[in-house]
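Notes for the one structure printed next.
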Number of protein chains: 2
Amino acid sequence: MRKIDHVDRQILQILQDDGRTPYTEIAHQLKVSEGTIRSRISRLLLDGVFQFVIRTDPEKLGLNVLAFIGLTTKLGRQKEVAKELAELPEVTFVGAFSGKHDLIIEACFANNNELIVFVNEQLSRIEGIVAADVSLELKQYKESFSYVGVGEDESLPTERG
Amino acid sequence: MRKIDHVDRQILQILQDDGRTPYTEIAHQLKVSEGTIRSRISRLLLDGVFQFVIRTDPEKLGLNVLAFIGLTTKLGRQKEVAKELAELPEVTFVGAFSGKHDLIIEACFANNNELIVFVNEQLSRIEGIVAADVSLELKQYKESFSYVGVGEDESLPTERG
DNA sequence: AATTTATTTTGCGAATTTCGTAATGAAACA
DNA sequence: TGTTTCATTACGAAATTCGCAAAATAAATT
């Protein structure tokens, strides 16, 4: 995979704000040709560095309850539990972690009742979940889906499988 | 705000997979005119239902360490702490929660060392953080940035401020 | 250092998409 | 039934994307 240089990062930065910014516009901002932007974007896409998506506002879709749930799983069942959870549409995030909880998931619901039904009925049905620690989101202060600009170029180690 | 109907949801679903799908293409798939797609999308954007963004792969950007950190804050300092945290580029998510932790944040780093430096130097500098409970992400099983298709239309309560 | 080789950038014309806008159609209301 | 409102459609104009070949750059080799 080719190294991601400063121009690439600038492209990503721009697309972060508006994923539909025309190539011509990006080209103009970065003072290169449209073809350059196009070839770089298609390379970044090919390398799986980023993808075009949309970000929806859960509240506007009627999902007013968002919860993080820390799970303790029975030894040896973690992976299976994770995969089962990932199948559920309410669950928007599943990760295995070190620390207090073996798995942490994020899920969203229309209301508190749906949440409690989820915990009591859906989670309890999954074999291997020992405990669930629910945290209800009261207010969101930040959420960024793009990691551009965190560790700059120099932090990039040479290569990686 | 106008009700989000099935066509809107289908549009969002398509854009979820590829945020650059042309209006003409969506129109063709949904068997309506391009103008309809265009007017619906601009309305959804105006209503803040969604926005065009990109999703970058942290690993491809050299960010191999992702952590969730549960924070306990001093009573009355939660909001200020949250705002300070939101300013940090490493921090990609900040939320206030009910439950074990007052705040939960997500942050990413190039390596473990940067993480420990962050916890020991950045977090400790913020006035009002009582305790930090770090969970290291070992594996990610699912992450969806769009909530379309969770609670279908019928789950949408009438209106909301 | 010179030459080859590989890669990136640029510059067009053609195809496609988006945009502006006015006409049409459909639902809500009086 | 007539009126108002709002969504959909149609279509030409403007802008964007695409395909591709030439030029420029960078990297590798001798």
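First the proteins, then the strands, lettered A, B, ... as listed; each starts at 1.
- Taking a cutoff of 4.0 Å between a charged side-chain nitrogen and a carboxylate oxygen, B:D8 and B:K3 do not qualify as a salt bridge.
- The distance from atom CZ of B:R40 to atom C1' of D:dA7 is 8 Å, rounded to the nearest whole Å.
- Scanning DNA chain D for stems, defined as runs of 3 or more consecutive Watson-Crick or G-U wobble pairs whose donor-acceptor distances all fall under 3.5 Å, gives the following ranges: C:1-30 with D:1-30.
- For D:dC6, neither phosphate oxygen OP1 nor OP2 lies less than 4.0 angstrom from any side-chain nitrogen or oxygen of B:R43.
- Counting any heavy atom pair closer than 4.0 Å across all strands shown, A:R20 reaches sugar-phosphate atoms only and no base atom.
- No salt bridge links B:D102 with B:K74; every basic N to acidic carboxylate O contact stays at or beyond 4.0 Å.
- Rounding to the nearest 0.5 angstrom, the gap separating the CD1 atom in B:I126 from the CG atom in B:L88 is 5.5 Å.
- When rounded to the nearest whole Å, the span between NZ of B:K3 and P of D:dC6 equals 18 Å.
- Residues B:V94 and B:V119 share a single hydrophobic cluster, defined by chaining ILVMFWY side chains whose heavy atoms lie under 4.5 Å apart.
- Side-chain contact check for B:E106 and B:T92: at least one donor-acceptor pair (N or O, by modelled atom type) lies under 3.5 Å.
- Protein chain A contacts DNA chain C over a range whose 5' and 3' limits, counting nucleotides with an atom under 4.0 angstrom from a non-hydrogen atom, are C:dT8 to C:dT18.
- Under 4.0 angstrom from either OP1 or OP2 of D:dT8 there lies no side-chain N or O belonging to B:S33.
- Atom CD1 of B:I41 is separated from atom C1' of D:dT8 by 15 Å (rounded to the nearest Å).
- Heavy-atom nearest nucleotides on DNA chain C were determined for B:T24 and for A:S39, and the one closer to the 5' end corresponds to A:S39.
- Within the 4.5 Å cutoff, the side chain of A:L103 has no heavy atoms near those of the A:I69 side chain.
- Mapping A:T21 and B:V32 onto DNA chain D by nearest heavy atom places B:V32 at the nucleotide closer to the 5' end.
- Put simply, the side chain of B:V65 reaches to within 4.5 Å of the side chain of B:L136, judged on heavy atoms.
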Q: List the protein contact pattern of nucleotides 18-26 of chain D with one symbol per nucleotide (5' to 3'): B for base contact, S for sugar-phosphate-only contact, - for none; contact means a heavy-atom distance under 4.0 Å.
A: BB-------
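- Side-chain polar atoms of B:S33 and B:T36 form a donor-acceptor pair below 3.5 angstrom.
- Summarising the geometry, the separation between CD on A:E25 and P on D:dT17 is reported as 10 Å, rounded to the nearest angstrom.
- Between B:F97 and A:F68, the ring planes are tilted. Angles from 30° to 60° get that label.
- Partner of A:T56 under the side-chain contact (heavy atoms from CB on, under 4.5 Å) criterion, out of B:I4, B:V148, B:L44, B:L15: B:V148 alone.
- Taking the six-membered ring for Trp and thresholds of 30 and 60 degrees, B:F50 and B:F52 have ring planes more than 60 degrees apart, a perpendicular arrangement.
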